[in-house]
Amino acid sequence: MILIHKATIINEGTSFIGSVLIENNVIAEIFRTEEIPDRLLNNATVVDGRELWLMPGVIDDQVHFREPGLTHKGDIASESRAAIAGGVTSFMEMPNTKPQTTTIELLEQKFELAAEKSFANYSFYMGATNDNITELKKVDPKKVCGVKVFMGSSTGNMLVDDKMVLQSIFAEVDMLIATHCEKEEIIRENLAKYKSEFGEDIPIQYHPLIRSAEACYRSSAEAIELADKYQTRLHILHLSTEKEISLFDIKPLTEKKITGEVCVHHLWFSDEDYSRYGARIKWNPAVKTRQDRGALMQGLLKNKLDVIATDHAPHLLEEKQGGALKAASGGPLVQHSLQMMLELVKKGKITKEQAVNKMCHAPATMFRIDKRGYIRKGYFADLVLVNPNKPYTVTKDNILYKCKWAPLEGETFSTSIEKTFLNGKIAFEDGVVYDMRGERLHFDR
């Protein structure tokens with residue numbers, strides 16, 4: 001038994017001083033008062049939670065861990081280890097690996113790899129192509145988080161650009177469809193314009209003008225039109241513009257068939273930061289304006305947008321060199337996403353209860369993940385203890401990504417991750433990630 005004693009518990013919209021008893025991998029009891037039975041204090045391993053925040057483990061619904069085939073950048077073991085150190089206890093990984101995860105056989109091979117290697121709980125998306133709808137329809141929605149559709153090209157070139165195929169996917173695939181939305185025709189027009197001006201060396205600050213706000217909006221609008229037509233369960237990933245927010249409704253999450261995700265980098269950076277960070281903050285969709293950034297936060301606070309994730313996508317630092325055309329898109333974030341959001345809490349941009357909702361509760365509810373994402377009796381004890389007043393500086397020595405760099409290297413956060421609990425066991429403390437295995441996520445669908 002483990003007793004986390006007298007922590008500030010952040011859960012389901014409230015914060016209170018309390019204690020949590022962990023027994024046999026699950027939360028056995030939650031005490032809202034300081035009156036803890038002597039038998040527990042005498043028999044349990046007591047973790048002092050005073051002055052600390054206790055929250056559910058973060059569930060990241062969009063990561064790229066690069067295995068198989070791209071493991072020079074990252075792999076399931078290295079990136080899930082970094083996730084645990086950052087308080088992320090569950091992840092859902094994307095299909096643009098090598099080979100791409102576009103058949104049931106390849107999908108199950110990923111699950112087998114994760115069972116051997118993953119430090120965190122896991123699931124994997126099945127990838128859509130222009131010619132694999134038969135495979136998509138075989139996916140068991142209770143065992144797989146969703147189907148990923150690239151409606152705009154990105155790393156891995158899995159673009160689904162056949163309109164009839166897109167319609168068939170939305171009409172016939174009976175599970176959650178997650179989309180990358182950028183309109184390819186608009187991107188190509190913008191690219192031709194800037195190539196005519198700069199040739200092949202387009203400066204990095206033009207990346208958000210090539211992969212423009214209009215390209216994002218038009219593609220997201222198309223996805224929502226298809227979902228409305230076929231009553232599809234649609235989740236639009238990494239929204240990046242103010243204009244896209246107008247496409248979403250305000251209603252309880254359990255009543256939504258169309259949901260939206262925003263990533264930490266779109267809440268943290270703006271296009272003003274390209275001059276400082278260069279291609280280190282090059283993502284697809286691109287980091288856009290300060291106005292877009294503010295509107296995304298307001299979309300979260302008004303419950304138009306539902307989930308905060310990372311789109312964690314490591315590349316070697318040498319692959320990030322160059323301008324808008326040559327530098328790879330994507331960056332590593334999963335070890336630092338919770339601290340980034342808690343820094344925004346400290347700055348008054350969002351409350352700690354709202355951050356926990358969007359990073360922990362909402363992904364669990366939206367994907368219908370079985371018994372995770374909340375501090376509830378009988379739920380798996382995936383938990384994070386945070387010291388809200390202990391500064392933490394990101395350095396090469398404490399970065400756990402295989403690529404060994406981070407966009408915020410040198411940044412000092414005002415919070416530190418003290419401990420991460422995974423399935424009732426301490427998985428991280430005192431800077432050390434313990435070698436234990438996560439479990440496959442299951443879905444109540």
Side-chain angles (χ1 to χ4, degrees), residues 62 64 69-70 93-104 106-107 124-139 146-195 202 206-241 243-244 247 258 260-261 282-286 288 311 313 324-325 328-330:
Q62 186 186 185
H64 302 261
L70 300 166
E93 205 262 356
M94 288 297 166
N96 50 337
T97 47
K98 195 173 183 179
Q100 297 163 347
T101 315
T102 56
T103 68
I104 295 294
L106 290 169
L107 181 65
F124 297 92
Y125 290 88
M126 177 74 158
T129 69
N130 281 322
D131 55 11
N132 76 334
I133 191 165
T134 301
E135 288 290 296
L136 300 182
K137 290 162 74 172
K138 295 177 185 176
V139 176
V147 167
K148 173 68 179 289
V149 180
F150 285 89
M151 293 178 65
S153 61
S154 191
T155 305
N157 193 27
M158 292 183 67
L159 178 65
V160 179
D161 56 0
D162 186 314
K163 291 188 180 296
M164 294 303 294
V165 170
L166 268 178
Q167 288 186 38
S168 296
I169 291 171
F170 276 78
E172 299 174 33
V173 175
D174 188 22
M175 68 179 304
L176 182 143
I177 294 174
T179 55
H180 175 130
C181 287
E182 293 181 283
K183 191 74 172 173
E184 196 66 20
E185 294 87 342
I186 295 175
I187 293 171
R188 288 173 184 163
E189 290 171 7
N190 293 337
L191 183 56
K193 173 185 173 182
Y194 291 108
K195 269 190 173 182
I202 303 172
Y206 289 89
H207 183 61
L209 302 179
I210 296 168
R211 304 185 82 99
S212 64
E214 186 62 21
C216 295
Y217 173 79
R218 289 269 297 278
S219 184
S220 292
E222 180 182 353
I224 288 172
E225 183 179 356
L226 284 167
D228 282 338
K229 180 177 181 180
Y230 295 109
Q231 290 300 293
T232 312
R233 175 66 187 89
L234 171 66
H235 183 48
I236 301 185
L237 303 167
H238 44 45
L239 292 153
S240 62
T241 73
K243 193 172 182 181
E244 287 172 290
L247 298 168
I258 297 171
E261 171 207 273
K282 184 190 177 197
W283 278 275
N284 297 336
K288 297 186 174 68
D311 194 14
L325 283 186
S329 293

When you compare the side chain of [Y] with that of [X], does any pair of heavy atoms fall below 4.5 Å?
X: Glu184; Y: Asp161; result: no
X: Asp311; Y: Leu237; result: no
X: Phe124; Y: Leu107; result: yes
X: Val149; Y: His180; result: no
X: Met126; Y: Ile104; result: yes
X: Ile202; Y: Leu191; result: yes
X: Lys137; Y: Glu135; result: no
X: Leu247; Y: Ile258; result: no

What heavy-atom pair brings [X] and [Y] nearest, and what distance separates the two atoms?
X: Leu239; Y: Ser220; value: CD2-OG, 4.0 Å
X: His235; Y: Arg233; value: N-NH1, 4.0 Å
X: Leu209; Y: Asn190; value: O-ND2, 3.2 Å
X: Lys195; Y: Leu325; value: CE-CD1, 3.7 Å
X: Tyr217; Y: Glu244; value: CA-CG, 3.8 Å
X: Cys181; Y: Met151; value: SG-SD, 4.1 Å

- What's the spacing between Glu172 CD and Thr134 OG1 if we round to 0.5 Å? 9.0 Å
- For Asn130, does the CG atom sit with more than 12 other heavy atoms under 6.0 Å from it, leaving out its own atoms? yes
Please answer whether the main-chain N or O of [Y] pairs with a side-chain N or O of [X] as donor and acceptor at a distance below 3.5 Å.
X: Glu261; Y: His238; answer: yes
X: His207; Y: Trp283; answer: yes
X: Thr97; Y: Pro99; answer: yes

- Query: Hey, mind stepping through Thr179 and Ile177 against side chain to side chain contact (heavy atoms under 4.5 Å, CB included) and telling me if it holds?
  - Reply: CA-CA 6 Å; Thr179 55; Ile177 294 174; 4.0 Å; yes
- Residues two or more places apart in sequence or in another chain: which of them pass salt bridge (Lys or Arg N to Asp or Glu O under 4.0 Å) with Lys98? none
- Item | With Glu185 via side-chain hydrogen bond (donor to acceptor under 3.5 Å, both in side chains) - residues at least two apart | none
- Qualifying residues under side-chain hydrogen bond (donor to acceptor under 3.5 Å, both in side chains), relative to Lys193, sequence neighbours excluded: none
Distance-only donor-acceptor pairs under 3.5 Å for side chains of residues 164-171, two or more places apart:
{"residue": "Gln167", "atom": "OE1", "partner": "Tyr230", "partner atom": "OH", "Å": "3.2"}
{"residue": "Ser168", "atom": "OG", "partner": "Met164", "partner atom": "O", "Å": "3.0"}

- Message: Suppose we screen for side chain to side chain contact (heavy atoms under 4.5 Å, CB included). Which residues come up paired with Thr102, at least two apart in sequence or across chains?
- Response: Gln100, Thr129, Asn132, Met158
- Item | With Arg218 via side chain to side chain contact (heavy atoms under 4.5 Å, CB included) - residues at least two apart | Lys183, Ile186, Glu214
- Would you say the side chains of Ser240 and Lys288 form a donor-acceptor pair under 3.5 Å? yes
- Query: Under 30°, 30 to 60°, or over 60°: which ring-plane class applies to Tyr194 and Tyr206, parallel, tilted or perpendicular?
  - Reply: tilted
